[in-house]
Amino acid sequence: PQENPEEHEQIMGFVQRFKTETEHKVNSQFVSKEALEKLISQENFGGLRINYGRDDEGVRQMILEATDESRNSLNAFSANHPTCPPECIV
């Protein structure tokens with residue numbers, strides 16, 4: 001259920017605009033429940049920082065980083081999530 005349809009529409013617009021660009025190689029990434037649980041179960045967990053980097057092939061990758069409430073790193077990371085393409089489910 002969508003609590004805020006206007007916000008959802010705006011966010012989906014961001015996604016669609018990104019997908020029309022030709023400079024990127026990744027449309028989305030999948031993060032498993034297990035990966036998220038490992039991060040949020042860290043002692044003093046207060047939030048997630050989303051970092052971006054490039055792998056050895058130059059493909060953009062998302063790196064999730066656990067932080068405390070003051071946004072300090074807890075040195076717990078999750079990376080190497082399946083990317084679309086090639087692993088796209090429509």
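Contact of the Leu39 side chain with the Leu74 side chain is not registered, since no non-hydrogen atoms from C-beta on lie closer than 4.5 Å. Using a 4.5 Å heavy-atom cutoff, the side chains of Leu48 and Thr67 are not in contact.
Every residue meeting the side chain to side chain contact (heavy atoms under 4.5 Å, CB included) condition with Ala35, not counting sequence neighbours, appears here in chain and number order: Val31, Ser32, Ser78, His81.
When every heavy atom of Phe45 is checked against every heavy atom of Ile40, the shortest pair comes out as CZ-CG2, 3.4 Å. Nearest approach of Cys88 to Pro85, heavy atoms of both residues: SG-CA, 3.5 Å.
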Inset, instruction - Report the C-alpha separation of Leu64 and Ile50 in whole Å, then their side-chain angles, then the decisive distance to 0.1 Å, and conclude whether the side chain to side chain contact (heavy atoms under 4.5 Å, CB included) test is met. - result: CA-CA 5 Å; Leu64 301 178; Ile50 301 173; 3.7 Å; yes
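Here CZ of Phe77 is found 15.0 Å from NZ of Lys38. Values are rounded to the nearest 0.5 Å. The CD atom of Gln61 sits 12.5 Å away from atom CG of Asn51, with the distance rounded to the nearest 0.5 Å.
Among residue pairs with one or both ends in residues 63-76, those qualifying as salt bridge (charged side-chain N to carboxylate O under 4.0 Å, His left out) are Arg49-Glu65; sequence neighbours excluded.
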